[in-house]
Amino acid sequence: MVFRAVRNDVLRSKAITLITTLFVAAATMLVALAAVLVVNLAGAIDTMMTRAKTPHFMQMHAGDLDRARLAAFVRQNEDVAEFQVLEFLNLDGSQFVFGGGSLAGSVQDNGLSVQSERFDFLLDLDGNVIHAADGHIYVPITYVQDGTARVGDTVSVAGMPMAIAGPLRDSQMQPLLSSSKRFLVSSNDFAALERFGSVEYLIEFRLHDLAALGAFGTAYVAAGLEANGPTITYPFFRVINGLSDGLMIAVILLISVLVIAIAFSCIRFTLLAKIEDDYREIGVMKAIGMRVSDIKRIYLAKYAAIAAVGSLVGYGLSFFLQEPLLANIRLYMGESEGASLAPVLGLIGVVLVFLAISAFVHAALGRFHRIPAAEAIRFGASQEAPSASRRFRLSANHRLGANTFLGLKDVLVRRKLFSTMLVVLVLTAFIIIMPRSLHNTIASKSFITYMGVGDIDLRIDVQQTDGISAKTAEIAASLERDGAVSRFVVLTTKALEALSSDGSKVRIVVELGDHSVFPLTYSAGRAPTTDHDIALSALSAAELGKKVGDVVPVMVEGQARDLTVSGIYSDVTNGGKTAKAALADDGADTMWSAVGVELSDATLVGEKAREYASRFSFAKVSSMDDFVAQTYGPTISAVGTASFASTGVALIITALITLLFMRMLIAKDRTTIAVLKSIGFTNADIKTQYVVRSVSVLALGVLLGTVLANTLGESLAGAVIAMFGATSFAFVVNPLEAYLIAPALMALSVLLASVFGTLDAGKIQVSESIRE
Amino acid sequence: MGKIIVADNIVKSFGVGRERRNVLDGVSVDIDEGEFVAIMGPSGSGKTTLLFALSGMDTVDAGSVVFDGVELSRLSDDALADVRRRKMGFVFQQPTLLRNLNVLDNIILPSVRDGRKDAGRISEKARALMKMTGIEELETRGVSQASGGQLQRVGICRALMGDPKVIFGDEPTGALNSTSANEIMALLADVHHTGTTMVLVTHDVRVATKAERVLFIFDGKIAGAHVAGRCDASREDLRAREGALVGWLTEKGF
Ligand SMILES: Nc1ncnc2c1ncn2[C@@H]1O[C@H](COP(=O)(O)OP(=O)(O)O)[C@@H](O)[C@H]1O
Ligand SMILES: [Mg+2]
């Protein structure tokens, strides 16, 4: 009995059943995909970092190295399991010449390494430790992927031709956000090339227990060991390895939440419409003593069937789609060892979606119990005529045309029904506007100021060389004379010791100079101005346990000085633990210095970059646009593509749902339409009335969607961007896109769908619908 | 007096293949301007179908219907809607009102369709009609709060709003008790006296008694016409007309 009733109902509303099933399928597919991707990404990162034996604590150091002192420290520190010092031979980008061009324009610090003996291995694509033969070079996989290097070709490194033997995976420097890239060569070749660059040391430790990391860091600082360079720890490596794929997963999760909401709206709409249709019938059934639960069971069975079919199809589809999405993770990180768990987790997600739909239908059907039998039989329709809409009268309204009035009035009267359409339109407006704004935000020039970098045209770095101060002064002098330079500022980075809230010594990398020239965007507070101010990166602030206004004792010129935290900013460079101050400390060693330059004519950037690069060969000159393009470019363009894709998907959803809703309404409203025709309303009149319905709901939907995208969307995007270290930011909204193009596109798809959806209205014959 | 409706040999069939049959099988009717014609016949004989054909509410398969000098089959859907709105009024057995609107709004709806310029005049007129039909107190009520007889009056008011040339009725008293039916009939008779042409399908002999001509339709054909002439509404005249009509109908086997 139940089966036959369900089958009949499905047959009678084929299109609606199909579309609802599709949305359920899409929702479960996305949930399953997200689950599979999360498991694989986490697993692949773990596997790679386990195989490569990524260091737990790494101190980069430029300058002299006292190996004996380090060895002594390790001997008496009980936490250390393994210890090694690797050499990283920094070469200028122009020293790497590939068939297609050199790395001269690269903002990365490119250099050579030999395979280490104990840990921090460079791996091949099968996850094995590579041993480079003489004359062979292995290149970071990024360069193979972007086409810079081709396996089998030759690359000239500082004039020495070497065969590109294959790509390598680097468990700590691989992501674009990490600013160095290691090439692997044999030790003979390394020795031969050593004189062309400067050696930087990677002082690396693995601990018995990762939990001791904090204590170990403090001990390292307290021992006053080599520390001319950033410190990076295992958890940070993990985070940056997962960033770009994590972003993709976050987007998929977001979209799946929206699609689930749309699937629910579809179900709610069809159920409400159905209940309205069957109102009298349900009343009659109640009157003759049938149990409501019997009726409910029929509907529950129908939606359980839809949910089951949709979930299975969606789960199946997720297997096809996961391959291309996993390809990137596999390529950069390799296979995940826990991957067999992924389908199970995906299945759990699918089951959850199924259960949620069943529960939702059950709740929506609660309405059945509230149908009073007498009223249902007498009037055949629900009597909840809303009081507000009763005051909206044709006779009291002298401006609206009859068609506009009828359309609006119906939206008011049946607002429960139309609110589900509204929800869908709000969500689709959200899906269109939010990713576009996210893209505009991260693509905007000001975004970089959220990431710990000022808004400058050129950046000149002086590092890993002797006499940094003198060389920087030389650059400053020539910038002073250059008429094309409107402003510049010299920032000198030194490592200072600070006392954290719990009394331990923490080494922080402090950038000293005038931070008011090219200001950052601070997530809290402001730039340091006096010599008793300090601004902390979010990670430093967390480590030190400080917030704005707190006092941090810092060793300045050999004495403890109480600095006040003036502001907190986001930073993912140099291990993320940085600070900025306006004070001077001539005693401490300079780790590096950087000059930020603003040109009076920004179009001269390329020319000026080349000029300064050739004049000061010891410095690294990069245009900020190149820096952004190379560091964040792939992410920005991925988000851009995703935003266009989501706009397309949202428009299709808008059209589909509008079409579906209009068709259902026309089917429900046959009698009303016949009545209107009998009293002389034309087909065009009736079409207009339905367009008024959908357009008025659309207008409200776009309005709410835009507001929502700029509030909730901003926080959601904030959560995504926080993964990159930016703790607070404001959306950059392109008003033309958000307030004109997006609504216009939605209006277009709603209009088209409404016109097509109401074609049937013309076919309704008065004579068939009103017949005594 | 001119002819308002001239139907010539109209045929209308329903069903497909073997099932197909002529529901109207060569019907010809002429109706004078200002005439009151009743259509009677057994259930399923094609009365409603004929009414829909004469009013252009439905197309015919053969033959022609000329309404007020225009052949209806030549008109587009929109032009038909215009004719319906400007020259015709309909009263059905069940009130076909919009549930979303209150009583007054239902009445003015078709008139407002053509513009809001004289909205004030439209509402005035609607109120006058409501007063005439005795439902002035319903003005702001919802449709679901009125009785069947009241709703039928609302329908009549709506039909009269456009000063139609012809009122078509399909058993307008069929769903009412006899008191309400009498009141509605009296109303329609009054409307007829103002010069409006009436075409009513009815089962009710007392309704048909008021008609100047009664057509008897059987199996899709006009099986006879009973011409009673103008009704002067006196009690004796009515009784005599009813007697004659019943006699004629019995003769037809009704
Ligand atoms: N749309 C339709 N499709 C099929 N048959 C129809 C349709 N409309 C009317 N009929 C048939 O035509 C015949 C006459 O119907 P109708 O004109 O409504 O009769 P009545 O004289 O009772 O008003 C009936 O047998 C009916 O079943
Ligand atoms: Mg009939």
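Worth knowing before you read on, the calculation uses all heavy atoms, side chains too, and leaves out hydrogens, waters and symmetry mates. Below, chain A is the first sequence line, B the second, and so on; all start at residue 1.
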**Asked** Within a strict 4.5 Å, meaning less than it, do heavy atoms of the A/K677 and B/M57 side chains meet?
**Response** no
**Request:** State whether the side chain of B/R84 and the backbone N or O of A/G680 hold a donor-acceptor pair below 3.5 Å, judged by distance alone.
**Result:** no
**Message:** Tell me whether the count of non-hydrogen atoms from other residues, nucleotides or ligands lying under 6.0 Å of CZ in B/R20 goes above 12.
**Reply:** yes
**B/L98 and its side-chain contact (heavy atoms from CB on, under 4.5 Å) partner, picked from A/L676, A/D410, A/T671** = A/L676
**Prompt:** B/L109 versus chain A, heavy atoms under 4.5 Å apart: side chain, backbone, both or neither?
**Reply:** both
**Prompt:** Taking C-beta and beyond as the side chain, do B/R158 and A/I679 meet within less than 4.5 Å on heavy atoms?
**Reply:** yes
**Item:** Minimal non-hydrogen separation, B/F92 against A/S678, with atom names
**Value:** CE1-OG, 4.1 Å
**Request:** Kindly indicate whether the side chain of B/T96, heavy atoms from C-beta on, has any atom under 4.5 Å from the side chain of A/T672.
**Result:** no
**B/N100 and A/L412: CA distance, side-chain angles, deciding distance, side-chain contact (heavy atoms from CB on, under 4.5 Å) verdict** = CA-CA 9 Å; B/N100 280 354; A/L412 285 178; over 6 Å; no
**Request:** Take atom CZ of A/R268 as the centre, draw a 6.0 Å sphere, and report whether it contains more than 12 heavy atoms from other residues, nucleotides or ligands.
**Result:** yes
**Request:** Flag the pair A/F405 / B/V112 as yes when at least one side-chain heavy-atom distance between them is below 4.5 Å, and no otherwise.
**Result:** no
**Asked** For B/D77, is it the side chain, the backbone, both or neither that has a heavy atom under 4.5 Å from a heavy atom of chain A?
**Response** side chain
**Request:** Using a cut-off of under 4.5 Å on heavy-atom pairs, state which of B/D82, B/L104, B/L101 scores highest against chain A.
**Result:** B/L101
